[in-house]
Amino acid sequence: MILQALAEYYDRKIREDDVALAPQGFERKEIPFLIVLDESGNFVDLEDTRVQEGKRVVGRTFTVPSAVKRTVAVAANLLWDNPGYVFGIDGKGNPARARQQHEAFVAAIRGLRGVQDDAGSAALLSFLERSEFQEVFAHPRWPEVVETGGNLSFRLAGDAELVCQRAAVRDAISAGGGTTETTRTQCLVTGEPDTVARLHPAIKGVRGAQTAGANIVSFNLESFNSYGHTQGFNAPVGARATFAYTTALNYLLRKDSPQRLQLGDAATVFWAERATPLETEITRLFEEPPRDDPDRNVEAVRALFESPRTGTALVDRDDRTRFYVLGLAPNASRLAIRFWHVSTVGELAERIRLHFEDIRIARAPHEPEVLSLFRLLVATASLGKAENIRPALAAEMIRAILEGTAYPRELLAAAVQRNRAERNVTYPRAALVKACLRRADRFNPQPSEPEVTVSLDESNPNPGYRLGRLFAVLERAQEAASPGLNATIRDRFYGAASTTPVTVFPRLLALKNHHVAKLENRGQAVNLEKQIGAIMEGIQEFPALLALPDQGRFSIGYYHQRQAFFTRRNTDHGDDA
Amino acid sequence: MNTTLQQVRLHVWGEYACFTRPEMKVERVSYDVMTPSAARGILEAVLWKPAIRWEVTRIDVLRPIRWISVRRNEVGSVASTRNALAAMHGGGMVALYVEEARQQRAGLLLHDVGYVIHARFKLTDRAGPGDNPAKFADMFRRRAESGQCFNQPYLGCREFSASFSLVPPGEPGPQPIEESRDLGWMLHDVVHENGAATPRFFRARLEDGSLPVPPLTAAEVHG
C-alpha cells in the first residue's frame with residue numbers, strides 16, 4: 001500500500017507535468033561548476049553556478065542522468081561527476097585509480113548510443129580524448145574546484161542547457177540502458193511483470209539517517225534474508241516501481257518541502273490522491289510559525305474552521321480525495337515506517353478541527369492563540385528542551401490526531417508530572433491536559449463527570465477540579481496579604497496538594513485565616529471568604545489520593561481560577577476577589 | 001485429487017499481530033488485514049496431515065484496524081551451519097554472541113485483532129485409500145472445539161500468539177466491521193516448486209469487512 005501510493009503520486013506528478021520531478025533515468029542534482037566548450041572541443045570557460053543561500057553557497061540544480069550507486073569500485077556517472085572522475089585528478093595519493101576513474105568516465109560517454117551525431121557530446125568526447133587540460137587547470141577558479149571537490153558538468157558555448165540535457169542525448173539515455181536481466185517476475189507494487197530491482201535508490205532527507213541516504217526496502221544483513229534470497233530479491237519490486245516510489249519520496253522529503261514535517265525523530269510527509277490545498281497547508285497547522293510570519297499558523301487554523309459557504313474554507317467536509325500520511329524514522333542505513341495513515345481529506349480536516357477544539361482553553365491575551373505541536377510537546381519536556389521530549393510521543397500524538405482517538409496516556413502523565421516538577425501550570429500544559437481529558441472522556445464517557453470546559457466552570461462538582469480552584473484562591477489570599485513573597489504556597493505545597501490533598505488542605509485553610517486577617521481591604525477579605533465558601537460547598541471531604549485524571553482536573557481548576565482572577569482584574573479594576 | 005466443499009469457520013483473536021509485508025521485512029510493517037498464508041498457518045497449527053491441503057476462501061475482519069509501533073532488539077547475523085555440523089561431529093561450539101550482533105528493528109504492528117477464517121481443504125496426492133474428507137473434517141471439528149493444536153497458532157509472527165474457537169456451522173458467527181477499502185496487492189502465499197520459493201500476489205479488496213480470497217491457481221493470482 002505504501003509503495004503503491006508513492007508510485008501513484010509519482011505518476012500523478014508526471015501527469016501534472018511538474019518540472020521538479022525527474023523522468024526515469026534522470027535525477028535532480030546540484031552541479032556547482034560547469035565547463036564551457038566550443039563546437040570543436042576547445043576549452044572556453046569554467047563557470048561557477050553557486051549562489052548564496054543563508055550561510056552556505058549552493059550550486060544550481062539540473063536534471064542530470066541518475067547517479068550510479070557508488071561503492072569501493074570504480075563507477076563513473078554519465079556526463080557529470082567529481083573532478084577525480086572527469087579529469088583524473090588524484091586527491092588521495094593513488095594515481096592509478098585516478099586514471100582508471102577518468103577512463104571509466106570517458107568510456108561511459110563513448111558507450112552512449114548515437115553519441116557521434118550530437119554536436120555537444122561529440123565536442124565533449126574530442127575534448128576529453130585530446131587530454132589537454134592545462135587551460136582548465138590554469139583557470140583562476142580551478143583551485144576552488146579541487147578544494148571543494150564539487151561536481152562538474154559540461155555545456156556547449158551558445159547553449160543554455162547542459163550537454164546532458166540536450167534533446168538527442170536525453171533520448172539516447174531514456175532509450176538505452178537495457179539490462180542484462182531477462183527474467184521478469186511480478187512486481188509487488190504494480191502487479192505487472194518487470195525486472196526485479198536488486199538495490200533500491202537511496203532516500204535522502206530523513207534527519208538522523210546516513211547522509212548518503214537510507215533505504216526502506218533493504219536487506220543488508222544475512223539475518224534478514226528469507227528462502228535463500230539476497231538483497232532486493234527478497235521482495236520483488238520492479239525497476240519502474242522502484243524508480244517511481246524513490247523519486248516521489250525524495251521529492252516529498254526535499255529541503256524546504258511544504259509537505260514535510262519533523263515530528264520527534266520521524267520525518268513525516270503528506271500527500272493526496274489529487275491536487276488539494278490541504279497537502280501543503282497541513283504542515284502549517286502543526287509546525288512553529290517562522291519568526292517573520294508569526295501568525296501563519298493562526299491563519300491556517302482559522303481557514304480550517306471557516307464554513308465552506310463563505311468560500312475561504314480550506315477544505316470541504318465531504319471531500320473524499322484520499323490523503324496519505326507517512327512517518328519515517330531513521331535506523332542507521334535503514335528507514336523504519338513509524339506510522340502510515342490513509343484517510344480522506346474531509347475526514348482528516350474534521351479530525352484536525354477536533355484537535356484544535358480540544359486544546360482551546362482560556363488564555364492570557366499575550367499568549368498565542370494557536371499552539372503548534374512543537375510547543376505542546378516541549379511543554380512536557382524537562383527544562384523545556386526539545387531533546388528531552390520522549391521520542392515516540394510526537395509520532396503517537398500525531399497518530400491520535402489523525403485517527404481521532406484519545407491521546408496517548410503518557411501525554412497526560414508527562415504533563416501532570418511537569419506541572420508538579422515545575423510547580424506551575426502553564427498555558428500549553430493546561431491545553432494539553434484539557435485535551436487529553438476531553439478526548440479520553442469522548443471514548444470512555446463517564447456520565448457522572450462533566451466535561452472539562454474552556455474557561456472557569458463554577459458548577460463542576462469534581463473534587464479534583466474544586467480543589468484546584470480552592471488552591472488558587474488560597475494562593476490569592478496569601479499574595480494579597482503578603483505581596484512580593486518569594487515562595488507562595490504553590491511552591492511549597494502544589495505537589496502534595498494535587499496528589500494527597502488530605503495531608504495539606506486542612507493546614508492551608510488554617511493558614512488562610514491568618515492571611516485573611518492581615519488584609520487591610522476588608523471588602524477583599526469578605527469576597528475571598530465568600531469564594532472559598534462557594535467552592536467548599538461542593539467538597540464533601542478531602543480525598544486521600546487523587547488519581548491521574550483528577551490530578552489533571554486539579555491543574556485545570558487551578559489554571560481556570562487564576563485566569564478568571566486576571567481577566568476580572570482587567571475588567572473591574574481593584575477590589576477584586 | 002478429490003475435492004470437498006466442506007467449509008469450516010475459525011474465530012481467531014489476539015492482542016498483537018504482524019502480517020509482515022515482504023518489502024518491509026526488516027523494519028516490519030504489517031498488512032492491514034490477515035494474509036491468506038497466515039490464515040493457512042493457523043489452520044495447519046490446529047490440524048495438518050500430509051493428506052490434506054487447506055484453502056482459505058474468506059477472511060472477516062472483526063475489530064477496527066489499529067496500529068502500534070514498537071522497537072525490538074534482535075540480531076543481525078545467522079548461526080553458522082558449518083559450526084553446527086562440526087559440533088555435531090564432536091568438535092567446536094555453536095554460539096551466537098548476541099551482544100556482538102545487536103540490531104534494533106522497528107515494527108509497525110496491528111493491535112487488538114480478531115478474524116473469522118473461512119476455509120476448506122482439499123485432499124492431496126498423499127491421501128491414502130482410507131482417507132476421505134469427512135474424516136478430516138470431523139478431526140478438525142473435534143480438535144478446534146477442544147482447543148487442541150500441534151503448536152500454538154500465531155498471527156503472522158510466532159511471538160504473537162492467537163486464541164481460537166470454532167464457529168459452529170449454522171450459527172451466524174461474529175459480525176465483521178463495516179469497512180470497505182482497497183488494500184492493494186497482498187501476498188497470497190509462497191509457492192515452493194522446483195526448489196525455489198516464489199511469492200504470489202493478489203489484489204485484495206475489503207468488502208463490508210470481509211476479504212474474499214481467490215484460490216491460489218486462479219487467474220487473479222499473479223506471480
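Here is the naming used below: chain letters follow the sequence lines, and residue numbers restart at 1 for every chain. No experiment lies behind these values; they were computed from the predicted model shown.
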* **side chain to side chain contact (heavy atoms under 4.5 Å, CB included) assessment of B:R21 paired with A:M1** => CA-CA 10 Å; B:R21 290 182 168 272; A:M1 209 45 238; 3.2 Å; yes
* **Derivation of the side chain to side chain contact (heavy atoms under 4.5 Å, CB included) call for B:R105 and A:R334** => CA-CA 10 Å; B:R105 286 165 74 172; A:R334 298 189 299 268; 4.1 Å; yes
* Check the pair B:V190, A:Y227 against side chain to side chain contact (heavy atoms under 4.5 Å, CB included), reporting the backbone distance first and the verdict last. => CA-CA 10 Å; B:V190 175; A:Y227 298 115; 3.9 Å; yes
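Residue-level contacts of residues 31-58 of chain B with chain A do not occur; threshold 4.5 Å between heavy atoms. Of residues 62-72 of chain B, those residues lying under 4.5 Å from chain A by any heavy-atom pair are B:W67, B:I68, B:S69, B:R71.
Only the side chain of B:V29 has a heavy atom closer than 4.5 Å to any heavy atom of chain A. Neither the backbone nor the side chain of B:E74 comes within contact range of chain A; no heavy atom of the residue lies under 4.5 Å from a heavy atom of that chain. A:N220 does not touch chain B: none of its heavy atoms, backbone or side chain, sits under 4.5 Å away. Contact annotation for A:E222: both backbone and side-chain heavy atoms come within less than 4.5 Å of a heavy atom of chain B. Neither the backbone nor the side chain of A:V342 comes within contact range of chain B; no heavy atoms are under 4.5 Å apart. Interface remark: A:R338 contributes backbone and side-chain atoms alike to the contact with chain B (heavy atom separation under 4.5 Å).
A:F339 contributes atom CZ, which lies 10.0 Å from atom CG of B:L108 (distance to the nearest 0.5 angstrom). Rounded to the nearest 0.5 angstrom, A:L328 CG and B:E27 CD are separated by 11.0 Å. Distance check, rounded to the nearest 0.5 Å: CE of B:M24 to OG of A:S218 gives 12.0 Å. Between A:L188 atom CG and B:R200 atom CZ the span is 14.5 Å, to the nearest 0.5 Å.
Sparse packing is recorded around CZ of A:R320, with 12 or fewer heavy atoms of other residues, nucleotides or ligands lying under 6.0 Å away. Heavy atoms from other residues, nucleotides or ligands lying under 6.0 Å from OH of B:Y97 number 12 at most. For B:R126, the CZ atom is loosely surrounded, since the number of other residues' heavy atoms within 6.0 Å does not exceed 12. In the displayed structure, A:R207 atom CZ is contacted under 6.0 Å by at most 12 heavy atoms of other residues, nucleotides or ligands. More than 12 heavy atoms of other shown residues, nucleotides or ligands fall within 6.0 angstrom of atom CD in B:E193.
In terms of heavy-atom pairs under 4.5 Å with chain B, the best-connected choice from A:I2, A:N331, A:V217 is A:N331. For the set B:S77, B:G76, B:G184, B:A106, the entry with the most heavy-atom pairs within less than 4.5 Å of chain A is B:G76. Taking chain B as the reference chain and counting heavy-atom pairs below 4.5 Å, the highest number among A:S226, A:A5, A:A395, A:P193 is found for A:S226.
Taking both residues in full, the closest heavy atoms of B:W185 and A:Q4 are given as N-OE1, 3.8 Å, listed atom of the first, atom of the second, then distance. The minimum heavy-atom distance linking B:P22 with A:F219 is given by the pair O-CZ, 3.6 Å. Minimum heavy-atom separation, A:H229 to B:A197: NE2-O, 3.4 Å.
Judged by distance alone, with hydrogens and angles left aside, the side-chain atoms of A:S223 form no donor-acceptor pair with the main-chain N or O of B:V78 at under 3.5 Å. When atom types are taken as modelled, the side chain of B:K25 and the backbone of A:F224 share a donor-acceptor pair closer than 3.5 angstrom.
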